[in-house]
Peer 1: 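Here it is: the structure, laid out below.
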Amino acid sequence: MNVIFDMDGLMFDTEKVFIMAWDYAGEKMGIGKAGYMVYKTLGMNIVSSYNVWKEEFGDRYNQEELRKYTKVFLQNYYSGNKVPVKKGLYNLLSYLKDNDCNMAVASSSPRWEVEKHLKDAGIYDYFTGIVCGDMVQNSKPNPEIYLKACELLGANPAECYALEDSKNGLLSAYKAGCKAIMVPDLWQPDDEILSIIAGKYEDLDEVKAAFERFQI
């Protein structure tokens, strides 16, 4: 079996940290708390999310300032806090490894950030391959990132399960031909997503139980 993991909001509770970071950055930039932009950019890579910021704030938006203040907040936060791990992550990874499953990561975050979080959590070596937002031309919901992840696994997309929490991520996986499974974080599925996903579970322990139950 092949399983591809999103990272933010799926393996780690980082979306809530980014809400705090963008609240901080927005106030520093003079545009007010902007944490709500996390909801508008879920699943997108940096370039695509910056375009959404430009549409939202126009000339008041400065990309370099956003990047600078976000980095300041995150560095300060993670200097005193470990990356928060989502419920069931270690159990699911152990189960998949024990059953000789191939695993990859398809995250819109930049590679340095993905590798840091995976290594800090002690799970980097579980994954055969990693595809990040700065390694593809097109952001989710484009299927490119999942097609590359399947390629790294040497598997046909139809043979791959994709675990995601965001609409953009689920659409990306579905368009690539993967079997998309949703584990909601900040966003609940709409009718479009419910019509394309292979399953919806409240946490990664439930995903593990489903794999066990159906002997996937």
Side-chain angles (χ1 to χ4, degrees), residues 5-87 89 105-110 112-114 116-117 132-134 136 138-142 145 162-174 180-194 196-197 200-204:
F5 288 72
D6 175 43
M7 186 184 77
D8 294 303
L10 189 283
M11 287 195 281
F12 303 113
D13 202 7
T14 46
E15 305 286 22
K16 293 174 184 175
V17 178
F18 262 91
I19 290 175
M20 294 187 291
W22 283 354
D23 275 346
Y24 171 84
E27 291 188 320
K28 287 290 186 180
M29 294 164 62
I31 58 176
K33 290 184 177 181
Y36 70 91
M37 291 298 291
V38 167
Y39 294 90
K40 290 178 174 283
T41 58
L42 284 175
M44 294 181 180
N45 66 13
I46 290 174
V47 174
S48 294
S49 67
Y50 284 162
N51 290 335
V52 176
W53 277 79
K54 185 67 176 177
E55 291 176 5
E56 183 79 4
F57 296 105
D59 293 339
R60 295 186 297 154
Y61 165 69
N62 183 293
Q63 178 175 320
E64 293 306 316
E65 286 190 351
L66 174 63
R67 183 179 296 174
K68 177 180 71 175
Y69 291 125
T70 300
K71 185 176 181 179
V72 167
F73 181 91
L74 293 177
Q75 285 179 334
N76 288 337
Y77 181 87
Y78 287 122
S79 68
N81 300 277
K82 289 186 177 181
V83 56
V85 177
K86 297 288 279 189
K87 181 178 183 294
L89 176 62
V105 175
S107 171
S108 295
S109 292
W112 72 265
E113 185 178 338
V114 175
K116 172 179 170 38
H117 287 336
C132 306
D134 51 1
V136 294
N138 301 293
S139 176
K140 300 174 184 178
N142 185 284
I145 194 167
L163 305 182
E164 277 279 359
D165 67 291
S166 72
K167 183 170 186 174
N168 285 325
L170 290 160
L171 287 172
S172 173
Y174 175 75
I181 292 177
M182 182 178 191
V183 184
D185 181 39
L186 299 181
W187 180 81
Q188 291 295 325
D190 54 23
D191 290 340
E192 178 185 11
I193 292 301
L194 289 173
I196 66 170
I197 57 178
K200 172 181 171 288
Y201 304 97
E202 292 307 307
D203 56 49
L204 296 175

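The structure displayed is predicted, hence computed values, not measured ones.
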Peer 1: Can you list every side-chain hydrogen bond (donor to acceptor under 3.5 Å, both in side chains) pair that touches residues 73-83, not counting sequence neighbours?
Peer 2: none
Peer 1: Quick one: side-chain hydrogen bond (donor to acceptor under 3.5 Å, both in side chains) pairs with a partner in residues 25-39, sequence neighbours left out?
Peer 2: Y36-E56
Peer 1: Under a 4.5 Å cut-off applied to non-hydrogen side-chain atoms, are M29 and K68 in contact?
Peer 2: no
Peer 1: Under 3.5 Å, side chain of T70 to main-chain N/O of L66, donor-acceptor pair present?
Peer 2: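 Yes; at least one donor-acceptor contact below 3.5 Å.
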Peer 1: List for me each residue that meets side chain to side chain contact (heavy atoms under 4.5 Å, CB included) alongside N142, sequence neighbours excluded, and say none if there are none.
Peer 2: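 Partners of N142 by the side chain to side chain contact (heavy atoms under 4.5 Å, CB included) criterion, ordered by chain and then number, come out as N138, E144.
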Peer 1: What residues form a side chain to side chain contact (heavy atoms under 4.5 Å, CB included) with S109, not counting sequence neighbours?
Peer 2: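 With neighbours one apart ignored, the set is M7, D8, S107, E113, V114.
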Peer 1: Which pair of heavy atoms, one from I193 and one from D190, lies closest together, and at what distance?
Peer 2: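 Shortest heavy-atom separation between I193 and D190 comes out as N-OD1, 3.0 Å.
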Peer 1: CG/L186 to OG/S166 distance, rounded to the nearest 0.5 angstrom?
Peer 2: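 Here the interatomic distance stands at 10.0 Å.
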Peer 1: Could you tell me if the side chain of S108 sits less than 4.5 Å from the side chain of M44, heavy atoms only?
Peer 2: no
Peer 1: Could you give the distance from CZ (F18) to CG (L42), rounded to the nearest 0.5 Å?
Peer 2: 11.5 Å
Peer 1: Could you tell me if the side chain of M11 sits less than 4.5 Å from the side chain of K86, heavy atoms only?
Peer 2: no
Peer 1: Identify, with sequence neighbours excluded, every residue that meets side-chain hydrogen bond (donor to acceptor under 3.5 Å, both in side chains) alongside E192.
Peer 2: K167
Peer 1: I'd like to know whether V47 forms a side-chain contact (heavy atoms from CB on, under 4.5 Å) with Q63, so could you lay out the CA-CA distance, the side-chain angles of the two residues, the decisive distance to 0.1 Å, and finally the verdict.
Peer 2: CA-CA 10 Å; V47 174; Q63 178 175 320; over 6 Å; no
Peer 1: I'd like to check D13 versus V85 (side-chain heavy atoms, cut-off strictly below 4.5 Å). Are they in contact?
Peer 2: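 When only atoms from C-beta onward are counted, V85 and D13 do not touch, as no gap falls below 4.5 Å.
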Peer 1: More than 12 heavy atoms of other residues, nucleotides or ligands under 6.0 Å from CZ of F12: yes or no?
Peer 2: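 Counting other residues, nucleotides and ligands, CZ of F12 exceeds 12 neighbours.
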Peer 1: Evaluate whether atom NZ of K16 has more than 12 neighbouring non-hydrogen atoms of other residues, nucleotides or ligands under 6.0 angstrom away.
Peer 2: no
Peer 1: Hydrogens and angles aside, do N45 and S48 bring a side-chain donor and acceptor to less than 3.5 Å of each other?
Peer 2: yes
Peer 1: Are more than 12 heavy atoms, taken from residues, nucleotides or ligands other than K40, located less than 6.0 Å from that residue's NZ atom?
Peer 2: no
Peer 1: For D6, run the side-chain contact (heavy atoms from CB on, under 4.5 Å) check against D185, L170, D165, V183 and tell me which one passes.
Peer 2: D165
Peer 1: Measure the acute angle between the ring planes of W53 and W22, then classify it against the limits of 30° and 60° as parallel, tilted or perpendicular.
Peer 2: perpendicular
Peer 1: Please state whether the rings of Y69 and Y24 are parallel, tilted or perpendicular, taking 30° and 60° as the class boundaries.
Peer 2: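 If you compare the ring of Y69 with that of Y24, the planes turn out perpendicular.
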Peer 1: If I take atom CE from residue M37 and atom CG from residue D23, how far apart are they, to the nearest 0.5 angstrom?
Peer 2: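 So the gap between those two atoms works out to 12.0 Å.
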Peer 1: Rounded to the nearest 0.5 Å, how far apart are CG of L10 and CG of L89?
Peer 2: 8.5 Å
Peer 1: Return the CD1 to OH distance between I181 and Y201, rounded to the nearest 0.5 Å.
Peer 2: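 Rounded to the nearest 0.5 Å, the CD1-OH separation comes out at 6.0 Å.
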Peer 1: Restricting to ring pair (Phe, Tyr, Trp, His ring centres under 6.0 Å), what partner residues turn up for W187, sequence neighbours left out?
Peer 2: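 W187 satisfies ring pair (Phe, Tyr, Trp, His ring centres under 6.0 Å) with no other residue.
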Peer 1: Testing the basics here: between M182 and P189, what is the closest heavy-atom pair and its distance to 0.1 Å?
Peer 2: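 So the two residues come closest at SD-CB, 3.5 Å.
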Peer 1: So which heavy atom on A173 is nearest to which on A180, and how close?
Peer 2: CB-CB, 4.2 Å
Peer 1: Ignoring hydrogens, what is the shortest heavy-atom contact between E164 and A106? Give both atom names and the distance.
Peer 2: OE2-O, 4.4 Å
Peer 1: I'd like to know if K87 and E202 make a salt bridge, using a cut-off of under 4.0 Å between side-chain N and carboxylate O.
Peer 2: no
Peer 1: Does a side-chain heavy-atom distance below 4.5 Å link S172 with I145?
Peer 2: yes
